[in-house]
*Asks:* 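Following this message is one structure expressed as structure tokens.
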Amino acid sequence: MPFTRPALKLTHAGALVMLAAAVARANELGVPQNITIVDEGGNLLAFVRMDGARLLSRETSLSKAITAASHRQPSARLNPADEIKLSLAAGQRLTNLEGGLPILLDGTCVGGIGVGSGTGAQDVEVARAGLAAIGAQDQTP
């Protein structure tokens, strides 16, 4: 019986490619953003707070990324009825705010990207640019 298995991992270099693409899209939109990229375990790989991005959106971008990675689905899909319970149980690290997307490569979740400081639709658009930069699968929020 095998005791290990091979696994895809998002590299720091991949996270930086995603970050650059997301920043470029935020600049095109004229919306400064906080952009967070985590691995499949919710560990921080890359982050930027663009000039002018809202201060507390730094926290929501991290929560969105962790939520997307841990649930392997867009953060907006979490059931609103469970929002408070999930947030409390997870040390306030989970949210159902728009802007968190899982990073799926070949059907495997290798992390999450979370964006915050614009409208929900703008946050999702910027996150999608990050996914596209590495050829990750997209899920409709």
Side-chain angles (χ1 to χ4, degrees), residues 2-141:
F3 294 104
T4 62
R5 61 180 173 197
L8 289 176
K9 296 284 184 181
L10 180 63
T11 64
H12 183 246
L16 291 178
V17 167
M18 292 181 69
L19 193 62
V23 166
R25 186 66 186 130
N27 281 328
E28 290 171 6
L29 294 172
V31 180
Q33 296 277 25
N34 289 282
I35 304 163
T36 303
I37 299 170
V38 299
D39 67 13
E40 75 285 356
N43 301 297
L44 184 64
L45 288 176
F47 170 79
V48 66
R49 179 174 179 257
M50 296 172 66
D51 295 337
R54 295 183 183 136
L55 175 64
L56 290 179
S57 293
R58 142 190 98 195
E59 304 306 323
T60 59
S61 72
L62 177 60
S63 293
K64 292 174 186 184
I66 291 171
T67 301
S70 69
H71 285 77
R72 276 107 170 109
Q73 65 182 10
S75 55
R77 285 194 194 163
L78 284 185
N79 184 351
D82 296 332
E83 178 183 13
I84 292 174
K85 290 184 266 183
L86 285 172
S87 179
L88 291 172
Q92 300 178 354
R93 292 176 292 179
L94 298 180
T95 183
N96 68 347
L97 294 172
E98 285 183 288
L101 298 175
I103 304 167
L104 300 169
L105 296 169
D106 297 327
T108 299
C109 184
V110 297
I113 181 170
V115 179
S117 201
T119 65
Q122 290 168 329
D123 294 351
V124 169
E125 189 171 340
V126 170
R128 283 186 163 147
L131 295 179
I134 64 165
Q137 297 159 278
D138 194 357
Q139 291 184 9
T140 304

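What you see below is based on every heavy atom in this structure, not just the backbone, and it leaves out hydrogens, waters and symmetry mates.
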*Asks:* Inspect the surroundings of CZ in R93 and state if more than 12 heavy atoms from other residues, nucleotides or ligands are less than 6.0 Å away.
*Replies:* no
*Asks:* For K64, is there any backbone N or O sitting under 3.5 Å from a side-chain donor or acceptor partner on T95?
*Replies:* no
*Asks:* Write down the atom of V126, the atom of A22, and the distance for their closest heavy-atom approach.
*Replies:* CG1-O, 3.3 Å
*Asks:* Are any side-chain N or O atoms of D123 and backbone N or O atoms of G118, one a donor and one an acceptor, separated by less than 3.5 Å?
*Replies:* yes
*Asks:* Can you measure from CG (D39) to NE2 (H12) and round to the nearest 0.5 angstrom?
*Replies:* 12.0 Å
*Asks:* Would you check if the side chain of S75 reaches a backbone N or O of G100 as a donor-acceptor pair within less than 3.5 Å?
*Replies:* yes
*Asks:* Measuring from Q33:CD to R49:CZ, what's the distance to the nearest 0.5 Å?
*Replies:* 11.5 Å
*Asks:* Can you check whether T108's main-chain N or O pairs, donor with acceptor, with D106's side chain at less than 3.5 Å?
*Replies:* no
*Asks:* Quick one: closest heavy-atom pair of P74 and P102, and the distance?
*Replies:* N-CD, 3.6 Å
*Asks:* Show your reasoning for whether side chain to side chain contact (heavy atoms under 4.5 Å, CB included) applies to I103 and I37.
*Replies:* CA-CA 9 Å; I103 304 167; I37 299 170; 3.9 Å; yes
*Asks:* Are the side chain of Q122 and the backbone of T119 linked by a donor-acceptor contact shorter than 3.5 Å?
*Replies:* yes
*Asks:* Quick check: do V115 and V124 have side-chain heavy atoms less than 4.5 Å from each other?
*Replies:* no
*Asks:* Let me know which of E98, Q139, H71 forms a side-chain contact (heavy atoms from CB on, under 4.5 Å) with R77.
*Replies:* Q139
*Asks:* If you take all heavy atoms of A69 and G112, which pair is closest and at what distance?
*Replies:* CB-N, 3.8 Å
*Asks:* Tell me, please, which residues at least two apart from N79 pass side chain to side chain contact (heavy atoms under 4.5 Å, CB included).
*Replies:* A81, D82
*Asks:* Looking at K9 and E40, does any basic side-chain N land under 4.0 Å from a carboxylate oxygen?
*Replies:* yes
*Asks:* Can you check side chain to side chain contact (heavy atoms under 4.5 Å, CB included) on V38 and L62, steps first, answer last?
*Replies:* CA-CA 8 Å; V38 299; L62 177 60; 4.0 Å; yes
*Asks:* Just so I know, are the side chains of L10 and M18 near enough to count as touching, which here means a heavy-atom distance under 4.5 Å?
*Replies:* yes
*Asks:* Looking only at atom types and distance, does a side-chain atom of T60 sit under 3.5 Å from a main-chain N or O of S57, one as donor and one as acceptor?
*Replies:* yes
*Asks:* Tell me the closest heavy-atom pair linking P32 and G30, and the distance in Å.
*Replies:* CD-O, 3.7 Å
*Asks:* Of all heavy-atom pairs between A127 and L101, which one has the smallest distance, and what is that distance?
*Replies:* CB-CD1, 3.7 Å
*Asks:* Does S61 have any side chain to side chain donor-acceptor pair (under 3.5 Å) partners at least two apart in sequence or in another chain, and if so, which?
*Replies:* T36
*Asks:* Between Q137 and G107, is there a donor-acceptor pair closer than 3.5 Å when you use the side chain of the first and the backbone of the second?
*Replies:* yes
*Asks:* Any side-chain heavy atom of S117 within less than 4.5 Å of one from N34?
*Replies:* yes
*Asks:* I need the L104 CG to I134 CD1 distance, nearest 0.5 Å.
*Replies:* 9.5 Å
